[in-house]
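Here's the structure, in structure tokens; my notes come after.
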Amino acid sequence: MKRSAAEILREYGPFPGVDRVNGVTYDGQHVWFAAGDKLSAFDPASGKTVRSIDVAAHAGTAFDGRHLFQLADDRIQKIDPKTGRVLATIPAPSGGGSGLAWAEGTLWVGQYRNRKIHQVDPETGKILRSIESNRFVTGVSWVEGELWHATWEGEESELRRIDPTSGEVLESLAMPPGVAVSGLESDGGDRFFCGGGSSAKVRALRRPRRGAAAGS
């Protein structure tokens, strides 16, 4: 397994009126983050908040190209980002969710305490398959065919690239001591956006180049 230190490119926040950043996603223009009772979006170039949606937003967040998906307690909400309306809900996997990502036409749900990642049917909530982790899962992201997830235990956090079939850890990016990751998403390029938990921040990290990652 390849191990290296995470390279933090930029910090956003803390955001006014936000006690905690939970899930994070990217719609190609703005970074969205879950902040308990609302979903907020900011411009990653300026760092300025551009809008908010009043909706329960307790954990992971995802974007499928048209809709936002948001974990809230025992359900996953499908949200129209233009109107803020909740269009549908499906049950979240039992045991609570922490991370959320969209890939291959399905949702990928991280479970914190259960240390699992589930592939879920976005229409029914049916679990299609599960991947075991040996660390608490706090964020999930697919980018260029790579499955990454965030971990946070005690004062230690890292990003892990894992084999999507076996769950084997292929690469690890260690966060600085005391810097937590509570949500994870890629911009589709060379950055990850990471929720910062109770710091009320979002951090941009450098994503390893695909060639470098593939060689590990």
Side-chain angles (χ1 to χ4, degrees), residues 4-65 67-72 79 81-82 84 97-102 110 112 136-144 146 148-152 155-161 172-209:
S4 54
E7 181 184 351
I8 298 174
L9 302 173
R10 183 170 177 179
E11 290 191 343
Y12 302 94
F15 296 93
V18 172
D19 295 325
R20 181 181 179 85
V21 171
N22 300 314
V24 178
T25 196
Y26 181 66
D27 67 6
Q29 184 176 9
H30 298 127
V31 177
W32 290 84
F33 65 90
D37 59 356
K38 63 183 177 181
L39 262 173
S40 294
F42 69 85
D43 178 348
S46 68
K48 293 182 178 178
T49 302
V50 294
R51 61 173 302 204
S52 293
I53 296 172
D54 291 326
V55 66
H58 305 143
T61 313
F63 182 69
D64 70 354
H67 305 103
L68 292 164
F69 291 84
Q70 179 59 54
L71 269 164
I79 301 163
K82 295 179 180 177
S98 54
L100 198 62
W102 177 270
Y112 180 68
F136 292 151
V137 177
T138 58
V140 186
S141 181
W142 275 94
V143 54
E144 294 185 328
E146 298 175 354
W148 289 79
H149 80 85
T151 73
W152 178 5
E155 293 299 308
E156 296 183 354
S157 269
E158 64 180 333
L159 305 189
R160 290 174 154 194
R161 181 170 63 89
S172 169
L173 304 178
M175 299 295 288
V179 177
V181 180
S182 61
L184 176 66
E185 185 59 287
S186 166
D187 68 351
D190 61 359
R191 289 180 298 178
F192 284 119
F193 294 109
C194 300
S198 58
S199 71
K201 294 181 179 182
V202 174
R203 296 177 175 92
L205 271 61
R206 187 180 305 282
R207 183 173 77 90
R209 289 182 297 108

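A quick note: this is a predicted structure, and the numbers were derived from the prediction, not measured.
To the nearest 0.5 Å, atoms OG (Ser141) and NE2 (His149) are separated by 12.0 Å. Put simply, CD1 on Ile8 and CE on Met175 are 4.5 Å apart, with the number rounded to the nearest 0.5 Å. Note that OG of Ser172 is 8.0 Å distant from CG of Leu159, once rounded to the nearest 0.5 Å. Atoms CG and CZ, from Leu9 and Arg206 in turn, are 5.0 Å apart once rounded to the nearest 0.5 Å. Atoms CG and NZ, on Leu68 and Lys82 in that order, are 12.0 Å from each other to the nearest 0.5 Å. The structure places CD of Glu11 at 9.5 Å from CG of Leu205, a figure rounded to the nearest 0.5 Å.
Here the side chains of Val179 and Cys194 are not in contact, with every heavy-atom distance at 4.5 Å or above. By the 4.5 Å heavy-atom criterion applied to side chains, Gln70 and Ile53 are not counted as neighbours. No side-chain heavy atom of Thr61 sits under 4.5 Å from any side-chain heavy atom of Asn22. Residues Phe69 and Thr25 have side chains not in contact (no heavy-atom distance under 4.5 Å, counting atoms from C-beta outward). Side-chain contact check for Pro44 versus Tyr26: some heavy-atom pair is nearer than 4.5 Å.
Annotation: Phe63 is not in aromatic contact with Trp32 [ring centroid separation under 6.0 Å not met]. Between Phe33 and Tyr12, the ring centre distance reaches or exceeds 6.0 Å.
In this structure, Val21 and Ser182 approach most closely via the heavy-atom pair O-OG, 2.6 Å. Contact detail for Ser157 and Ala180: the closest heavy-atom pair is OG-CA, 3.4 Å. Nearest approach of Ala101 to Val140, heavy atoms of both residues: CB-O, 3.4 Å. Taking every heavy atom of both residues into account, Glu158 and Ala174 meet most closely at CB-CA, 4.0 Å. The two residues Ser98 and Leu71 come nearest to each other via the heavy atoms N-CD1, 3.9 Å. When all heavy atoms are compared, the tightest approach of Gly97 to Ala59 is O-CB, 3.4 Å.
Enclosure of atom CG in Asp19 is not indicated, since only 12 or fewer non-hydrogen atoms of other residues, nucleotides or ligands lie within 6.0 angstrom.
Contacts of Ser186 classified as side chain to side chain donor-acceptor pair (under 3.5 Å), with partners at least two apart in sequence or in another chain: none. Shown here are the side chain to side chain donor-acceptor pair (under 3.5 Å) partners of Thr49, two or more places apart in sequence or in another chain: there are none.
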Hey, mind stepping through Leu173 and Glu7 against side chain to side chain contact (heavy atoms under 4.5 Å, CB included) and telling me if it holds?
CA-CA 8 Å; Leu173 304 178; Glu7 181 184 351; over 6 Å; no

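For residues 177-195, the salt bridge (charged side-chain N to carboxylate O under 4.0 Å, His left out) pairs, not counting sequence neighbours, are Asp187-Arg191.
A distance-only check finds no donor-acceptor pair linking the side chain of Arg20 to the backbone of His58 [under 3.5 Å]. Judged by distance alone, with hydrogens and angles left aside, the side-chain atoms of Arg207 form a donor-acceptor pair with the main-chain N or O of Gly189 at under 3.5 Å.
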